[in-house]
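Everything on this sheet refers to the single structure shown next.
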2 protein chains.
Amino acid sequence: MKRDSRLSGVLHILLHMAQQPGPFTSETLAKAMDTNPVVIRRIMAGLRELGYVRSEKGHGGGWTLACDLSKVTLRHVYVALGSPALLAMGNRTEAPGCLVEQAVNAALDQAFHDAEAVLLSRLGEVTLKMLGDDLRERLGSRKLQGMRAHGA
Amino acid sequence: MKRDSRLSGVLHILLHMAQQPGPFTSETLAKAMDTNPVVIRRIMAGLRELGYVRSEKGHGGGWTLACDLSKVTLRHVYVALGSPALLAMGNRTEAPGCLVEQAVNAALDQAFHDAEAVLLSRLGEVTLKMLGDDLRERLGSRKLQGMRAHGA
DNA sequence: CAGATATGTAACATACAAAGTTACATGAAA
DNA sequence: TTTCATGTAACTTTGTATGTTACATATCTG
């Protein structure tokens, strides 16, 4: 199965936007992500509907953050994407008549459900602000490294 | 992403086999699973290599269980399949130079890792014997229902 | 108002992996 | 030696994420 990287992608975009005031055009964001503007609009559509970002057309238009970054978690972003499937595996048949299949499904569903719950829970613990803070820390340490490299 | 149902499928096969002495031809198993014999051979190949099942060619040949069902867990079966990806989501870039991407990956990797650990752990807690016992219970209650339906 | 710039979105192309199918080689039993 | 079964390569089908093109729509500027 091909892996879904939309959550990773949209977080990348949001974090970029959080580093400086907008607005950002889909074109600009697409270049930073090495992809196509339409892809950007596609994955941002859900976030716009939920009010996490705004988009403006025409001159000076583009995308702007429109939420409190300390209130929005990765889970919120995931839901904004349409809550795509979390697990790469699933049952062969969802509502089987076969008792064998039912026994298999029961065992797997338990494991699947627990894993999904943990994943959603972890995503719910991390806010966009925390991500931004982490990024600024990384930027800071890089700056220090650069200073050291230059003998400062 | 299309969901991988190989684990579900192979468990179905093993459970069928555990209900009566073999051997079972790929053709028989394929019919029970409403699929193709080659698909059966494909997903059983890994289990044969690890010694969980045996296969014999020619007249009277087919597949036979060759392990202690109380010792083999769903996790063992999963590994025998080649440990396919568990999560449907992943990072856009695995070893990014971009610090933004690194920050995003760090947060997601944590969540992904935890979810995978839980899933593997749950799979490791269930043996094929437990699955078989559960199935026999389901068969038993169906038999009782049938008896009731016939007024017994 | 006209032209430039952006998003919105449908439609189509591409890439990739699971699942299904076909064909044939190999080996074992009758 | 014929039949039955697995082993496996090669190809087709299918589903989904991703990439691309085309064009409608809205907004700012001159």
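Computation of the quantities below employed the complete heavy-atom set of this structure, encompassing side-chain atoms and omitting hydrogens, waters and symmetry-equivalent molecules.
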Is the phosphate of D/dT18, meaning OP1 or OP2, less than 4.0 Å from a side-chain N or O of A/Arg3? no

Give one of base, sugar-phosphate or nothing for A/Gly60, where a contact means two heavy atoms less than 4.0 Å apart. nothing

If I take atom CG in residue A/Asn91 and atom P in nucleotide C/dA18, what distance separates them, rounded to the nearest angstrom? 17 Å

Taking C-beta and beyond as the side chain, do A/Lys71 and A/Thr127 meet within less than 4.5 Å on heavy atoms? no

Give the rounded distance in Å between these two atoms: CG of A/Leu7 and C1' of D/dA17. 14 Å

A/Leu128 side chain reached by A/Leu11 side chain, heavy atoms, under 4.5 Å: yes

Length of the line joining B/Leu47:CG and D/dG7:P, which is rounded to integer Å: 12 Å

Is the shortest side-chain N/O distance from A/Arg54 to OP1 or OP2 of C/dT7 below 4.0 Å? no

Does anything in residues 55-78 of chain B pair up under ring pair (Phe, Tyr, Trp, His ring centres under 6.0 Å), and if so which pairs, sequence neighbours excluded? none

In the structure I gave you, are the side-chain heavy atoms of A/Leu86 and B/Leu87 within less than 4.5 Å of one another anywhere? no

To the closest 0.5 Å, what do you measure between CZ (B/Arg54) and CE (B/Met44)? 12.0 Å

Near DNA chain D, counting only heavy atoms under 4.0 Å, which residues of residues 26-45 of chain B show up? B/Ser26, B/Val38, B/Arg41, B/Arg42

Between C/dA17 atom P and B/Leu87 atom CG, what is the distance in whole Å? 16 Å

Is there a side-chain polar atom (N or O) of B/Arg92 under 4.0 Å from OP1 or OP2 of D/dA17? no

Given side chains that start at C-beta, do those of A/Gln102 and A/Cys98 come closer than 4.5 Å, heavy atoms only? no

Can a side chain N or O of A/Arg6 be found less than 4.0 Å away from OP1 or OP2 on D/dT18? yes

With nearest nucleotide decided by heavy atoms, which residue, B/Gly62 or A/Ser5, maps closer to the 5′ end of DNA chain D? B/Gly62

Is there a side-chain contact between B/Leu14 and B/Leu47, using heavy atoms and a 4.5 Å cut-off? yes

Within-4.5 Å side-chain heavy-atom neighbours: A/Arg3 and B/Met89: no

Between the protein and nucleotides 24-28 of chain C, list the N/O to N/O atom pairs that are separated by less than 3.5 angstrom.
unit_1, atom_1, unit_2, atom_2, d
C/dT26, O2, B/Lys57, NZ, 3.4
C/dG27, O4', B/Lys57, NZ, 3.4
C/dG27, N2, B/Gly58, N, 3.1

Minimum-distance pair of heavy atoms, taken over all atoms of B/Leu15 and B/Gly132: CD1-N, 3.7 Å

What is the distance, rounded to the nearest whole Å, between atom CH2 of A/Trp63 and atom P of C/dT7? 7 Å

